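Have a look at the structure below, then the notes.
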Amino acid sequence: MAETTLRVSKIKDGTVIDHITAGHALDVIKILGITGHVNGIVTVGMNVPSKTLGSKDMVKIEGRELKSPEVAKIALLAPHASINIIRNYKVVNKQLVKLPDVIREAIKCANPACISNSKEPVKSTFYVECKEPLRLRCHYCGYIMEKQDIPKQF
Ligand code: CTP
Ligand code: ZN
């Protein structure tokens, strides 16, 4: 593609999730609860060339500014992602995603017998034991979840 051609056009207002680990754009869309029935334009780029990552995925969501809890969930799958808030075509806020030490209510425990999967009113809670490679430990049953287990648990 010629240098002069824009591959994915700029947006006026919304959020650009950039530098997503290649292969994870669809997981990010799933975490954010974006289905085929939402309003607003959503543009997905996969395997886009990147100077720093080799190749990356990106998701542009028009008309929606992501909030902190949503940003924390993205960190589980795309630890190098940057979240750009766009207003009137300008980047007004750019933040790198950051994994909190404790993750509550974002994902379900992969152990079916875990009390957090029962009808008891307990909220799932995980401790981040290691960020890279990702290791989460369930507060209730001690079950260890790794990166490849995460997309199934949203
Ligand atoms: N972007 C967009 N629409 C705009 C402004 C920016 O879609 N109106 C996108 C850009 O295409 C880029 C991301 O938002 O993917 C961040 O924009 P910018 O900070 O201008 O780009 P870079 O400097 O390349 O960002 P970084 O340093 O994070 O790589
Ligand atoms: Zn558990």
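Reckoned from all heavy atoms, side chains included, excluding hydrogens, waters and symmetry mates. Model, not experiment: these values are computed from the prediction. Note that ligands are numbered from 1 as they come in the structure, with each ligand's atoms numbered from 1 the same way.
- Note: an N/O pair closer than 3.5 Å links Tyr89 and ligand 1 by distance alone.
- For Asp57 (side chain) and Asn47 (main-chain N/O), a donor-acceptor pair under 3.5 Å exists by modelled atom type.
- Among Asp18, Thr15, Thr52, the residue whose heavy atom lies closest to atom 13 (C) of ligand 1 is Asp18.
- Residue Asn84 has at least one heavy-atom neighbour below 4.0 Å for each of these atoms of ligand 1: 13 (C), 16 (C).
- Looking only at protein heavy atoms, the nearest one to atom 20 (O) of ligand 1 is Val91 CG2, 4.0 Å.
- Remark: of the listed residues Leu26, Ile29, Ile74, Thr43, Ile29 is the sole one forming a side chain to side chain contact (heavy atoms under 4.5 Å, CB included) with Val59.
- In the hydrophobic clustering of this structure, Ile103 does not group with Val71; members are Ile, Leu, Val, Met, Phe, Trp, Tyr whose side-chain heavy atoms approach within less than 4.5 Å, directly or through other members.
- When only non-hydrogen protein atoms are considered, atom 26 (P) of ligand 1 lies nearest to Lys94 NZ, 3.5 Å.
- Note on Phe126: it clusters hydrophobically with Leu77, by side-chain heavy-atom contacts below 4.5 Å among ILVMFWY residues.
- Around the Zn ion (ligand 2), the protein contributes the following N, O or S atoms at distances under 2.8 Å: Cys109 SG, Cys114 SG, Cys138 SG, Cys141 SG.
- Side-chain atoms of Ser124 come within 3.5 Å of backbone N or O of Ile107 as a donor-acceptor pair.
- The side chain to side chain contact (heavy atoms under 4.5 Å, CB included) with Leu136 is formed by just one residue from the set Thr125, Val128, Leu99; it is Val128.
- Among all non-hydrogen protein atoms, the one lying nearest atom 7 (O) of ligand 1 is Lys60 NZ, 2.6 Å.
- At the shortest separation from atom 6 (C) of ligand 1 among protein heavy atoms lies Ile86 CD1, 3.7 Å.
- When each atom of ligand 1 is checked for a heavy atom of Met58 under 4.0 Å away, the hits are 15 (O).
- Note on Ile31 and Ile150: same hydrophobic cluster, where clusters join Ile, Leu, Val, Met, Phe, Trp and Tyr whose side-chain heavy atoms are under 4.5 Å apart, directly or indirectly.
- Residue nearest to atom 1 (N) of ligand 1, selected from Thr43, Val48, Leu96, Val16: Val16 (by heavy-atom distance).
- In the hydrophobic clustering of ILVMFWY residues, with side-chain heavy atoms under 4.5 Å counting as a link, Val28 and Met46 come out together.
- Hydrophobic clustering, with ILVMFWY side chains joined whenever heavy atoms are under 4.5 angstrom apart, groups Val44 together with Ile34.
- Ranking the protein heavy atoms by distance from atom 3 (N) of ligand 1 puts Ile11 N, 2.9 Å first.
- When atom types are taken as modelled, the side chain of Lys60 and the backbone of Ser9 share a donor-acceptor pair closer than 3.5 angstrom.
- The shell of residues lying under 4.0 angstrom from ligand 1, judged by heavy atoms, includes His19.
- Although no hydrogens or angles enter the test, the distance criterion places a donor-acceptor pair under 3.5 Å between the side chain of Asn117 and the main chain of Cys109.
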